[in-house]
Amino acid sequence: MRISPKELLAQRGQLDKDVVAVIVDGKIVDLHTPIDPPEKLDVLRQDNPKALEIIRHSTAHVMADAVQKLFPGTQVTIGPAIDNGFYYDFARPDHKHFTDADLAQIEAKMVEIIAGAHDFRRDVVSRDEAKKLFSQMGETFKLEIIDAIPADQDISLYRHGDWMDVCRGPHVPNTRFLQGVKLTSVAGAYWRGQESNPMLQRIYGTAFPSKKALDAYLKQLEEAKARDHRKLGKELDLFMMSDLAPASPFFLPRGAFVYNTLIDFVRKQYARRGYREVITPQIFDKALWERSGHWANYRENMFMAFGADAAEDVHEGRTPRGIPLSDVFVSASDKTKEKLAGSHLDYVCGCKAMNCPSHCVMFGAQRRSYRELPLRIADFGRLHRYERSGVTHGLTRVRTFSQDDAHIFCTPEQMQDEIAKFMDFFYAVYDALAFNKIEIRLATRPEKRLGTDAMWDQAESALSKALDEKKLAYIVSEGEGAFYGPKLEFHITDAIGRSWQLGTIQVDYNLPERFELEYIGADNTAHRPVMLHRAILGSIERFLGVYIEHVAGAFPVWMAPEQIALLTVADRHNDYAHQIRAELEAKGIRVVVDDSNEKLGGKIRNARNLRIPYLGVLGDKEVEARAVALRSRTEGELGSIALDTVIERLVKESAYPLS
RNA sequence: GCUGGCGUAGCUCAAUCGGUAGAGCGCCAGUUUUGUAAACUGGUGGUUGUGGGUUCAAGUCCCGUCGCCAGCUCCA
């Protein structure tokens, strides 16, 4: 005999005022949904983080209610809870969008509805009933949703007050549970996430069990904003952007120093981990990309290049021949394509978007022996990818970047060991850089793929075995692998909660095939090698963006563009400052002297704003004692310390990790 | 690429209904000689992203374009 948890709890006298739902067999069930009386029943209280999702989804219902009351004729679609809140997508009959003023109005209406302390109710109806109900209401999107519900599933309606929605739940018992509600933004979103579908109006919001929890969240958001790498990049003179090269950072001296130091750090590891570094061309004949498959599959993300002669052909409007340009620039807007119509080029080159094809060319240029394998080829080459406008973002999604990229050519038998070695390398680097929250995803075979099932079995198991051996938790992204092979992706979250893929390791059977790569085995016959694509930091640009936020601009001593700022108390200390600057620099320490006529407080403020790890105050006492009044970014004032001791300390802290 | 918002001094921002473009910081000069998070005075700084239109008059209104921001889609 099924019974609702609400009744069950009431019978047991456990229906406390703060109970949002129950947990049965580890699953959250709201108080409305009938269950078989379980042996064990845990209650989920309002302040439990697990209750957030229920609160947020219920808030989405209230928002949809408010919207429909204020904007009659607006259709509802879906409104799930998400990581930091919820959203609901609407279709407005007039195709208008919601303004900020609308949001305020909607929020006020929501508060009104919540104050009504309406119970949520759950009703199960037949498919026909549901369809009849919603078609009467003119909710065409809901009809599509009902049709998409599997036949063996109940169709439940959730109501509060006079409003209802087809919904699986779960929901809170009463609108009074919805305190701490805020609408945050509006945006367009495609129906069912398909670009070809109509665009709906999405309203984002968030909700917490209390006003206090909401305020704490809003404050945290603000703090995250303060460490946004785009803001810090400007404040710390790390990089700049220009309209003249959209989505392409200009690294200023301080940023370039950090950038190069990261590369240098990885390079030092390569030296001891059996990698050989190469330098490869930037622009290649189109034939290379045809062979690698990029021309067919990746062309719209590539920058094209051609010589002055060819460009002149187009400009002068010479006889059409060769490749139609509209065909080359597949990603161009319709307007650009119109302009290009009739223009042809004999010869087109592609600016490299990836290093792998040129590494294949290098591998294939010689007869290779199994004794050379595994061959690990590293390349920090600059890549260009034509990212569609609207997807770029600070340093984390740019059109030009370089990666700590390497390709490992090996035998199928060597693959697993190489993956394990990579995992060691990877975690050594991330430990050294103080990252401890990294999410691993194993992306497995997609529907459209190359290679035999046996190959995929081997590759996927090599990846998962390496993870299991290292006892690393991971999420399987079913079908998310590349068409040429499965991969591991390493994701990290930035200050504002956006997740970015940094490192990766991918198994590739495709390119060795396309480039007909071979090595001579111990049996004196030719074999095809496996190719592993791998990067640890991934795009240096993206990594740096995430890293700036991770450390809030305070780079560790070994990476900091300036390690110590010497601040003179008065003019008469300037000579001493320059004298010890030379001594520090002779030991390889990066020094900046502030001998301006700013007061000491001002100098300290400026240096601290640049997050310089050490400040050395120089006054009469220091000059006399050949000392530095040291102040550490993390430890505060350390008092007057002998120059030699300071040098020793800085030299020690300048060492790269893992060295 | 799509939906919406926004582009004013190097930076952060102001400018009421369409009516003489401002402030702070920075920068430059001078004064001050300073002991642990902002000394004082003066000066400098603009084709209001850009092209067009409406108007006696446009930072403000309209159209195009470029860029940025949020989200969507994309990221073999």
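Keep in mind that what you see is a predicted model, and the values were worked out from it rather than measured. The chains referred to below are lettered A, B, ... by the order of the sequence lines, with proteins before strands, and numbering in each begins at 1.
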Under 3.5 Å, which protein N or O atoms sit close to an N or O of nucleotides 72-76 of chain B? Give each pair with its distance.
unit_1	atom_1	unit_2	atom_2	d
B/C72	O4'	A/Gly188	O	3.4
B/C72	O2'	A/Tyr190	N	3.1
B/C72	N4	A/Gly390	O	3.4
B/U73	O2'	A/Glu195	OE1	2.6
B/U73	O2	A/Arg388	NH2	2.9
B/C74	O2	A/Arg397	NH2	2.9
B/C74	N3	A/Arg397	NH1	3.2
B/A76	N6	A/His294	NE2	2.9

Filtered N/O pairs between nucleotides 8-11 of chain B and protein, under 3.5 Å:
none

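Taking atom P in both B/A58 and B/G49, the straight-line distance is 15 Å, to the nearest Å. B/C25 and B/C62 have their P atoms separated by 36 Å, given to the nearest Å. Here, B/C61 and B/C6 have their P atoms 9 Å apart, quoted to the whole Å. Taking atom C1' on both B/U31 and B/A70, the two are 49 Å apart, rounded to the nearest angstrom. Of the C1' atoms belonging to B/C66 and B/G52, the separation is 15 Å, rounded to the nearest Å. Atom C1' of B/U60 sits at a distance of 50 Å from the matching atom of B/U33, rounded to the whole Å. Taking atom C1' on both nucleotides, B/U8 is separated from B/U12 by 12 Å, rounded to a whole Å. Separating the C1' atom of B/A76 from that of B/G64 is a span of 35 Å, rounded to the nearest Å.
Between the side chains of A/Ser640 and A/Glu622, at least one donor N or O lies within less than 3.5 Å of an accepting N or O. In summary, the side chains of A/Arg534 and A/Thr504 do not present any donor paired with an acceptor at a separation below 3.5 Å, with no hydrogens or angles considered. Using modelled atom types, one finds no donor on one side chain facing an acceptor on the other under 3.5 Å when comparing A/His491 with A/Gln501. Using a 3.5 Å distance cut-off with no hydrogens or angles, the side chains of A/Thr140 and A/Gln75 do pair a donor with an acceptor. In this model, a donor atom of one side chain and an acceptor atom of the other lie less than 3.5 Å apart for A/Gln506 and A/Tyr484. Side-chain atoms of A/His573 and A/Asp620 include a donor-acceptor pair closer than 3.5 Å. Between the side chains of A/Asp595 and A/Thr568, no donor-acceptor pair of N or O atoms lies under 3.5 Å.
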One character per nucleotide, please: for nucleotides 34-43 of chain B, 5' to 3', B when the base has a protein heavy atom closer than 4.0 Å, S when only the sugar-phosphate does, - otherwise.
BBBBBB----
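Using a 4.5 Å heavy-atom cutoff, the side chains of A/Glu387 and A/Val398 are not in contact. Residues A/Leu70 and A/Gln105 are in side-chain contact: their nearest non-hydrogen atoms beyond the backbone lie under 4.5 Å apart.
Counting any heavy atom pair closer than 4.0 Å across all strands shown, A/Gln201 reaches sugar-phosphate atoms only and no base atom. Counting non-hydrogen atoms under 4.0 angstrom, A/Ala247 reaches the backbone sugars and phosphates but no base.
One finds a salt bridge joining A/Arg192 and A/Glu144 here, because a Lys/Arg side-chain nitrogen approaches an Asp/Glu carboxylate oxygen to under 4.0 Å. A/Glu562 and A/Arg633 are not joined by a salt bridge, as no carboxylate oxygen comes within less than 4.0 angstrom of a charged side-chain nitrogen. The existence of a salt bridge linking A/Glu460 and A/Arg445 is confirmed by a sub-4.0 Å separation between a basic side-chain nitrogen and an acidic carboxylate oxygen.
For A/His393, a side-chain nitrogen or oxygen approaches OP1 or OP2 of B/A70 to under 4.0 Å.
A/Phe98 pairs by the ring-ring contact (aromatic ring centres under 6.0 Å, His included) definition with A/Phe71, A/Phe90, not counting sequence neighbours. Evaluation of the ring-ring contact (aromatic ring centres under 6.0 Å, His included) rule for A/Phe251 yields A/Tyr259 as partners, not counting sequence neighbours.
Pairs of Watson-Crick or G-U wobble type, with distances under 3.5 Å, assemble into runs of 3 or more in RNA chain B at these ranges: B:1-7 with B:66-72, B:10-13 with B:22-25, B:27-31 with B:39-43, B:49-53 with B:61-65.
Relative orientation of the A/His57 and A/His61 rings is perpendicular, given thresholds of 30° and 60° on the angle between their planes.
Between the CZ atom of A/Arg92 and the P atom of B/U3 there is a distance of 16 Å, given to the nearest Å. Nucleotide B/G67 holds its P atom 14 Å from the CZ atom of A/Phe250, rounded to whole Å. In this structure, the CG atom of A/Asp594 is 18 Å from the P atom of B/U33, given to the nearest Å. In this structure, A/Glu235 atom CD and B/C25 atom P are separated by 17 Å, rounded to whole Å. Atom pair A/Leu183:CG and B/G71:C1' shows a separation of 15 Å (rounding to whole Å applied). In this structure, A/Ile82 places its CD1 atom 15 Å from P of B/A70, rounding to the nearest Å. Atom CG in A/Asp228 sits roughly 15 Å away from atom P in B/C68 (whole-Å rounding). For the pair A/Trp191 CH2 and B/G71 C1', the computed distance is 18 Å after rounding to whole Å.
Its glycosidic angle being more than 90° from 0, B/C62 falls on the anti side.
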